[in-house]
Visitor: 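Before we start, here is the structure in question, set down as structure tokens.
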Amino acid sequence: MHLTRSMRRALAAAAAAAVLCSGTGAAAVAAPAHPAAAAPSARRATGAMPVHPAAPAAVGAHSSYGRLDPLAALSAERLATGDLVAAAKWGTGSPVDDPAREREVLDAVAREAREQGADPAMTVRVFRDQIEASKIVQRGLHRRWDADPGQAPAGRPDLSEVRKEINRINGALVRALAGSARARSAPSCAPLLAAAAVQVRRVRHLDGLHTAALARSLRSVCAAARPTAAPAPGPDQPVGSPAATALAQR
């Protein structure tokens, strides 16, 4: 795989973080200047220009990087739906936290993981991170719109339709997790996942808010990843991880 200078720096930073197990880095957060790259329905709602998916890596689909790259790409795709969820809830008084919906999602992915021969507990752990990452996006956008109502969305997406798209991405993520067990348990998982996250950020032109959320969404993907004792992060800051460290280099 050909690596640019910035990718090599990201890999080095991620590898160092994995070896040191510092668990204290975090990506800086800034209010989004533009909507993140989103699914087609998201782009229609926000008026964002289409963004092409990340180009395939110059490695085989069955390589470790080839198994991990879809996890980063799908996580970013799922995060894009957070913009729509934020818009659907904006001005309605509906809270960002929705325990009933979260339980529905976690039960569904655990059931699908069992059907795919994957570890349900691992899958649920990853999806808890995905849900928390979406909340980072929703809260960040709501703060932005509170500060400048002129930037708030003019329309209100149909939340039931948005959730259909989220469910579709959830299924793809479960299958990607089931098919990447060996890559996720390898020592190379953390730096390769970090490189994939950097590539996704570059292609999708993610702002600070969505970059922080992407790092949060990937925190438990690698099998060696475990929660670490660290000072409580800020409201939009993910707990440190190699992915967060690599993304912060950008």
Visitor: List the atom of A176, the atom of L71, and the distance in Å for their closest heavy-atom pair.
Guide: CB-CD2, 3.4 Å
Visitor: Going by the rule side-chain hydrogen bond (donor to acceptor under 3.5 Å, both in side chains), which residues pair with S94 if we only count those two or more places apart in sequence or in a different chain?
Guide: T92
Visitor: Which pair of heavy atoms, one from A87 and one from P153, lies closest together, and at what distance?
Guide: CB-CG, 3.6 Å
Visitor: Are I166 and V85 close enough that some pair of their side-chain heavy atoms sits under 4.5 Å apart?
Guide: yes
Visitor: Look at the side chain of S180 and the backbone N and O of A183, then say whether any donor-acceptor pair between them is shorter than 3.5 Å.
Guide: no
Visitor: Anything under 30° is parallel, anything over 60° is perpendicular, the rest tilted; go ahead and classify W145 against W90.
Guide: perpendicular
Visitor: So that I can tick it off, tell me whether D119 and R125 are bridged by a salt bridge, with the cut-off set at under 4.0 angstrom between side-chain N and carboxylate O.
Guide: no
Visitor: With a 3.5 Å distance limit and no angle check, can you tell me whether K89 reaches the backbone of V96 through a side-chain donor-acceptor pair?
Guide: yes
Visitor: Under the side-chain hydrogen bond (donor to acceptor under 3.5 Å, both in side chains) criterion, do S134 and Q138 qualify, and how do the steps go?
Guide: CA-CA 6 Å; S134 180; Q138 293 175 55; 3.0 Å; yes
Visitor: At their closest point, which heavy atom of S75 faces which heavy atom of Q130, and how far apart are they?
Guide: OG-NE2, 2.9 Å
Visitor: For the pair T81 (side chain) and R78 (backbone), establish whether a donor and an acceptor sit closer than 3.5 Å, ignoring hydrogens and angles.
Guide: yes
Visitor: Applying side-chain hydrogen bond (donor to acceptor under 3.5 Å, both in side chains), name anything that partners R101, two or more places apart in sequence or on another chain.
Guide: E104, N167
Visitor: Taking V137's backbone N and O only, do any of them form a donor-acceptor pair with H210's side chain (distance below 3.5 Å, no angle check)?
Guide: no
Visitor: When rounded to the nearest 0.5 angstrom, what distance separates CG in L74 from CG in D69?
Guide: 9.0 Å
Visitor: If the threshold is 4.0 Å, N to carboxylate O, is there a salt bridge linking R175 and E115?
Guide: no
Visitor: Please report the interatomic distance CZ(R216) to CG(L218), rounded to the nearest 0.5 Å.
Guide: 10.5 Å
Visitor: Taking all non-hydrogen atoms of both residues, which atom of V126 and which atom of S220 are closest, and how far apart?
Guide: CG2-O, 3.7 Å
Visitor: Please step through side-chain contact (heavy atoms from CB on, under 4.5 Å) for the pair R184 and L177, ending with a clear verdict.
Guide: CA-CA 8 Å; R184 290 185 294 99; L177 287 167; 3.9 Å; yes
Visitor: Is the shortest side-chain heavy-atom distance between I131 and L106 below 4.5 Å?
Guide: yes
Visitor: With sequence neighbours left out, write down each residue that passes side-chain contact (heavy atoms from CB on, under 4.5 Å) with A178, or none if nothing qualifies.
Guide: Q116, A118
Visitor: Does some side-chain heavy atom of R163 sit less than 4.5 Å from a side-chain heavy atom of R168?
Guide: no
Visitor: How far apart are the closest heavy atoms of L192 and S64, and which atoms are they?
Guide: CD1-CB, 3.7 Å
Visitor: Looking at R103 and D107, does any basic side-chain N land under 4.0 Å from a carboxylate oxygen?
Guide: yes
Visitor: For the residue pair A76 and L214, what are the closest heavy atoms and their distance?
Guide: N-CD1, 4.0 Å
Visitor: Taking atom CG of L206 and atom CZ of R201, what is their separation to the nearest 0.5 Å?
Guide: 7.0 Å
Visitor: Kindly indicate whether the side chain of R139, heavy atoms from C-beta on, has any atom under 4.5 Å from the side chain of R143.
Guide: yes
Visitor: Within a strict 4.5 Å, meaning less than it, do heavy atoms of the L173 and F127 side chains meet?
Guide: yes
Visitor: Can you confirm whether the side chains of D129 and S217 place a donor and an acceptor under 3.5 Å from each other?
Guide: no
Visitor: For D97 and E102: C-alpha separation, side-chain torsions, deciding distance, then whether side-chain contact (heavy atoms from CB on, under 4.5 Å) applies.
Guide: CA-CA 8 Å; D97 292 283; E102 293 171 22; 4.2 Å; yes
Visitor: Would you compute the distance between atom OG1 of T123 and atom CG of N170 and round it to the nearest 0.5 angstrom?
Guide: 11.0 Å
Visitor: Decide yes or no on side-chain contact (heavy atoms from CB on, under 4.5 Å) for Q199 and R204, but give the supporting numbers first.
Guide: CA-CA 9 Å; Q199 173 69 1; R204 286 181 169 265; over 6 Å; no
